[in-house]
Amino acid sequence: MIPFLKRIWQAAPVATVILGGALAVSLFFAVRLVAFWIYWADPAHRDQAIEPWMTPGYIAHSWGVPREVAFEALNLPPAPGGPRTMQDLAAERGVSVNVLAQDLQAAIDTFRAQEDTRP
Amino acid sequence: MTDTIFALVTTWGALVIFASSFLSCLALPIPTSLMMLSGGAFVAAGDLALWQVIAGAWGGAILGDQSGYLIGRHGGAPLVERIAHTPARRAVLARARKVVDRRGGLGVFFSTWLFAPLGPWVNFVAGTTGLGWLRFTIWDVLGETIWVTVYVGLGYGFASQIEAVSDILGSAVGLLAGLAVTGAMGVWIRGALKAQKARATPAR
């Protein structure tokens, strides 16, 4: 191993340095890939809690409820002129994102409960 | 970080995707793939129009690649001419040009999507070593079409697991780029070893 490294170092020092760097980078991303794979394979990590960056439409899509359910829960017109995030909506109404998120979550839960009881 | 990107995409829509796509093709470290993924996710959610997201990402990428190529052609090529004034350097340059002329099109093609982190550098090199503009553009447009389609498509298809997709895909892309550079250095070192051996045992 060491004699081989010495030989390639003498033949092409620049390439050897870049090779070392590239191997380190590859190893880093390989470890990261496996770590993320294990993390996201756990179903508990897959339910996306409502976060400030999400839009009502995105939340509806993510939780598998119709867009209208989310818009009605937040008293929004069907087409509010461009997408807005939960953060923007909360700021506009002077409430915290959590308050809005709770309203929305309640509406989603109600809708899902209704879906389940339907024959 | 991820949250900021998502918030930017909802606020500015296709415009921010266009800008980041353009700048990342000029080697600025901007997470454009994440922008395209979130763009696709917001299309699925009904918040953004598909054609705008595609047009923004694709237009930005192609304009960015063209700019990189032109910088290489008008900035890099004269510089290399000046550096390569000794016969030995001239020979290296001629060999580099030959490789680019033979394999440059495919190199540009794969560097736009499969080895995306290397893309900007390949554009500069293509411009500097004189790869023909039409050949560059055709391969580049083909490659960028794949890049944009794959990322926006994955964002659309996995909209509800966008963070998982971006984490896993980001690592895979980094790993591929690292392995590509490793492979290229392997070829370089093998060539250098062969040259050394040839010098040690001169031909009769």
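We name chains A, B, ... by the order of the sequence lines, and we start the count at 1 in each one.
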Peer 1: Output the distance between atom OH (B:Tyr156) and atom NE2 (A:His61), rounded to the nearest 0.5 Å.
Peer 2: 7.5 Å

Peer 1: For A:Ala60, is it the side chain, the backbone, both, or neither that has a heavy atom closer than 4.5 Å to a heavy atom of chain B?
Peer 2: neither

Peer 1: If we define contacts as heavy-atom pairs under 4.5 Å, which of B:Ala44, B:Ala7, B:Ala172 has the most with chain A?
Peer 2: B:Ala44

Peer 1: Rounded to the nearest 0.5 Å, how far apart are CH2 of A:Trp40 and CG of B:Asp167?
Peer 2: 6.0 Å

Peer 1: Looking only at heavy atoms and a cut-off of under 4.5 Å, which of A:Ala22, A:Ala12, A:Ala15 has the most pairs with chain B?
Peer 2: A:Ala15

Peer 1: Does the side chain of B:Asp47 come within less than 4.5 Å of A:Arg67's, by heavy atoms?
Peer 2: yes

Peer 1: Would a 4.5 Å heavy-atom cut-off, applied to side chains only, mark B:Ile162 and A:Tyr58 as touching?
Peer 2: yes

Peer 1: Specify which of A:Phe28, A:Phe29, A:Trp37 makes the most heavy-atom pairs with chain B at under 4.5 Å.
Peer 2: A:Phe29

Peer 1: If you round to the nearest 0.5 Å, how far is OG1 of A:Thr16 from CD1 of B:Ile189?
Peer 2: 4.0 Å

Peer 1: With a sphere of 6.0 Å drawn around CZ of A:Arg7, does it hold more than 12 non-hydrogen atoms of other residues, nucleotides or ligands?
Peer 2: no

Peer 1: Under 4.5 Å heavy-atom distance to chain B, tell me which part of A:Gln87 shows up: side chain, backbone, both or neither.
Peer 2: neither

Peer 1: So A:Trp53 and B:Phe6, would you call those rings parallel, tilted or perpendicular, with 30° and 60° as cut-offs?
Peer 2: tilted

